[in-house]
Amino acid sequence: MAKNSDDFRNPKVQEAGTKSSGGIGKWIGIAVAAILALLLLLWLFGALGSDDAALDTAEPEAVIVPAD
């Protein structure tokens, strides 16, 4: 064994019930929040609005062909 107390590693001891502040869950939450924020901005600025040309349901004018 090491005779000097600085020659070995002390393990990090955490109390029960504490959790780290990182992890994949944090990044998933950030990604979901960013996507929702972008969708909200698109909706507010009208990018997700209806297109008037796509909703044009008027019938075209009738073509009259003279009878010979």
Side-chain angles (χ1 to χ4, degrees):
M1 279 187 79
K3 295 184 181 194
N4 192 355
S5 64
D6 294 333
D7 290 340
F8 66 93
R9 251 177 73 186
N10 288 327
K12 183 178 178 184
V13 179
Q14 293 182 348
E15 294 183 21
T18 61
K19 63 186 237 188
S20 66
S21 63
I24 193 69
K26 180 179 178 181
W27 289 107
I28 291 174
I30 290 171
V32 168
I35 290 171
L36 287 176
L38 288 174
L39 286 173
L40 179 65
L41 287 173
L42 286 172
W43 178 67
L44 285 175
F45 290 115
L48 299 178
S50 62
D51 188 16
D52 291 338
L55 296 177
D56 190 16
T57 58
E59 295 183 20
E61 291 186 31
V63 177
I64 301 173
V65 179
D68 286 328

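If you read the sequence from its start, that first residue is 1, and numbering goes on from there.
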- Message: With clusters defined by side-chain heavy atoms of hydrophobic residues (ILVMFWY) lying less than 4.5 Å apart, directly or transitively, does L40 cluster with V32?
- Response: no
- Starting at CG of L38, measure out to CH2 of W43 and round the result to the nearest 0.5 Å. 15.5 Å
- Note on the structure: dist L39:CG -> L44:CG (nearest 0.5 Å) comes out at 11.0 Å
